[in-house]
Undergrad: 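One structure, as structure tokens, below. Some questions next.
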There are 2 protein chains.
Amino acid sequence: MTECTPPECVVLGLIARHGAMTPYELKARVQESVDYFWPIPHAQLYRIPARLAELGLLQEETERTGRRRRVFHLTAAGRTALKQWLADPHAPEPETRDPAQLKLFFADLGDAGDVVALAREQAAQHRYWLELYRSRHAELNLSDKVGLVSRARILKLAILHEQAYVDFWESLSTDPDPDPLDPAGTN
Amino acid sequence: MTECTPPECVVLGLIARHGAMTPYELKARVQESVDYFWPIPHAQLYRIPARLAELGLLQEETERTGRRRRVFHLTAAGRTALKQWLADPHAPEPETRDPAQLKLFFADLGDAGDVVALAREQAAQHRYWLELYRSRHAELNLSDKVGLVSRARILKLAILHEQAYVDFWESLSTDPDPDPLDPAGTN
DNA sequence: CTCCAATAGTATCATTGATACGGTATCGAT
DNA sequence: ATCGATACCGTATCAATGATACTATTGGAG
């Protein structure tokens with residue numbers, strides 16, 4: 001039995017945490033939780049549960065009332081698959097894809113002012129996200145018992161990351177040409 | 001004329017920087033440069049230049065000697081497309097996909113020791129990458145004139161990021177249960 | 001001259017991402 | 001009661017992608 005892919009685990013995990021759900025509800029749960037560090041397009045949230053049901057990790061049941069939506073339950077096999085995934089401390093490396101970094105990397109092929117404009121824009125963007133994550137963190141409170149600790153931890157990392165971005169782009173926008181070999185700020 | 005996608009721009013950019021290339025050479029260039037912040041599977045490096053040639057941004061020429069490989073040249077249109085991309089300070093937001101963060105997020109559904117094991121493993125991994133990027137930065141020297149500054153800048157950001165990861169996972173592995181609402185380290 | 005490793009490229013196929021489209025419930029206003 | 005607006009809910013489609021397996025060429029080493 002081959003391991004689940006990350007998005008599959010998201011589905012399993014959310015259903016394990018919040019109980020049986022329709023794909024539509026999944027969509028909402030994803031948006032309010034993992035979306036910003038693991039986006040999943042909504043069409044996938046219909047395909048993935050179907051596949052997991054084939055594998056016996058979820059069980060599909062059709063509502064009898066009104067709209068007859070498809071509700072997916074976690075099975076015993078699903079729970080053990082999830083636990084197994086969680087118990088394995090190994091994880092593939094993170095992949096970051098940042099178009100701005102690409103532009104920076106090729107900046108020498110463009111015009112002189114491009115870097116500063118890019119840096120300013122990026123600094124502003126990342127300041128915005130930094131504030132967003134900070135305020136989300138501040139809004140956490142003990143009443144959302146489910147996943148409070150998880151949320152807090154993940155936000156902390158997001159904040160550290162955004163801080164790094166802000167530092168980087170701000171310093172680039174104020175001083176675009178330091179000695180490239182100077183290791184300042186790299187230790 | 002619709003804008004190029006990021007991987008297309010990578011191809012344009014590398015050819016602009018290093019001159020005409022075969023897909024195979026592209027593969028090597030990608031590996032030594034953008035690979036760690038914008039991986040491109042090698043099969044793509046055969047498909048993308050072909051598409052760019054259709055669009056008139058590259059021009060294909062077949063070697064006359066030996067293996068008759070397909071060499072791709074930058075056209076004038078290609079250069080302006082590249083410049084145009086670089087001149088636009090706007091860039092889509094970065095996407096980070098980190099399976100370890102996912103495991104952390106769902107950690108409450110697993111066993112108690114899982115988090116620490118995960119954190120230790122991740123801390124080790126990221127310490128490794130941090131050192132890798134630091135040493136690559138240290139190895140930069142003025143003789144590789146092409147793209148020196150770009151390389152240095154990108155490495156600086158990578159180092160900041162890895163530093164953030166290391167801080168995060170190390171603190172989690174030594175103190176897995178701080179007050180989740182305590183904003184320490186988040187300002 | 002032949003065999004190996006490195007080089008170079010192609011083929012295949014399920015999975016994605018993006019987006020457009022099609023139905024259904026709900027509720028207030030007429 | 002019914003009309004229409006608005007949210008709710010799901011499917012369909014299609015090209016692009018990722019992963020991997022496979023084929024072919026070449027240049028030495030022995």
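Per chain, numbering begins at 1; letters A, B, ... match sequence-line order.
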Undergrad: In whole Å, I'd like the distance from the CG atom of A/Leu26 to the P atom of D/dT11.
TA: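 It is 13 Å, rounded to the nearest whole Å.
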
Undergrad: Walk along nucleotides 13-21 of chain C from 5' to 3' and tag each nucleotide B, S or - by protein heavy-atom contact under 4.0 Å, base first, then sugar-phosphate.
TA: ---BBBB--

Undergrad: Expressed as a whole number of angstroms, how long is the span from B/Met21:CE to C/dT7:P?
TA: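 Whole-Å distance recorded here is 17 Å.
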
Undergrad: Measure from the ring center of A/His161 to the ring center of B/Tyr165 and say whether it is less than 6.0 Å.
TA: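 So the answer is yes for these two rings.
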
Undergrad: Ignoring backbone atoms, test whether B/Tyr46 places a side-chain nitrogen or oxygen under 4.0 Å from the OP1 or OP2 oxygen of C/dG9.
TA: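 Answer is yes, contact under 4.0 Å.
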
Undergrad: How close or far is atom P of C/dG9 from atom OH of B/Tyr24, stated in whole angstroms?
TA: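 Between P of C/dG9 and OH of B/Tyr24: 9 Å.
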
Undergrad: Just wondering, are more than 12 heavy atoms of other shown residues or ligands nearer than 6.0 Å to CZ in B/Arg127?
TA: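 Yes, because the 6.0 Å sphere around CZ of B/Arg127 holds more than 12 heavy atoms from other groups.
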
Undergrad: What is the distance, rounded to the nearest whole Å, between atom CH2 of B/Trp38 and atom P of D/dT17?
TA: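 In whole Å, D/dT17 P and B/Trp38 CH2 are 11 Å from each other.
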
Undergrad: Any chance the side chains of A/Asp167 and A/Gln163 put a donor and an acceptor closer than 3.5 Å?
TA: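 Indeed, the side chains of A/Asp167 and A/Gln163 share at least one donor-acceptor pair under 3.5 Å.
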
Undergrad: What is the distance from CZ of B/Arg69 to C1' of C/dG9, rounded to the nearest Å?
TA: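 My rounded result for the distance is 11 Å.
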
Undergrad: May I have the distance from B/Phe72 (atom CZ) to C/dA8 (atom P), rounded to whole angstrom?
TA: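 My rounded result for the distance is 15 Å.
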
Undergrad: Name every donor-acceptor pair, under 3.5 Å, that has one atom in a side chain of residues 33-41 of chain A and the other anywhere in the protein, sequence neighbours excluded.
TA:
{"from": "A/Ser33", "atom 1": "OG", "to": "A/Arg29", "atom 2": "O", "distance (Å)": "2.6"}

Undergrad: How far apart are the closest heavy atoms of B/Arg153 and A/Val115, and which atoms are they?
TA: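 Closest heavy-atom pair between B/Arg153 and A/Val115: NH2-CG2, 4.0 Å.
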
Undergrad: Does CZ belonging to A/Arg97 count more than 12 external heavy atoms closer than 6.0 Å?
TA: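 Yes, because the 6.0 Å sphere around CZ of A/Arg97 holds more than 12 heavy atoms from other groups.
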
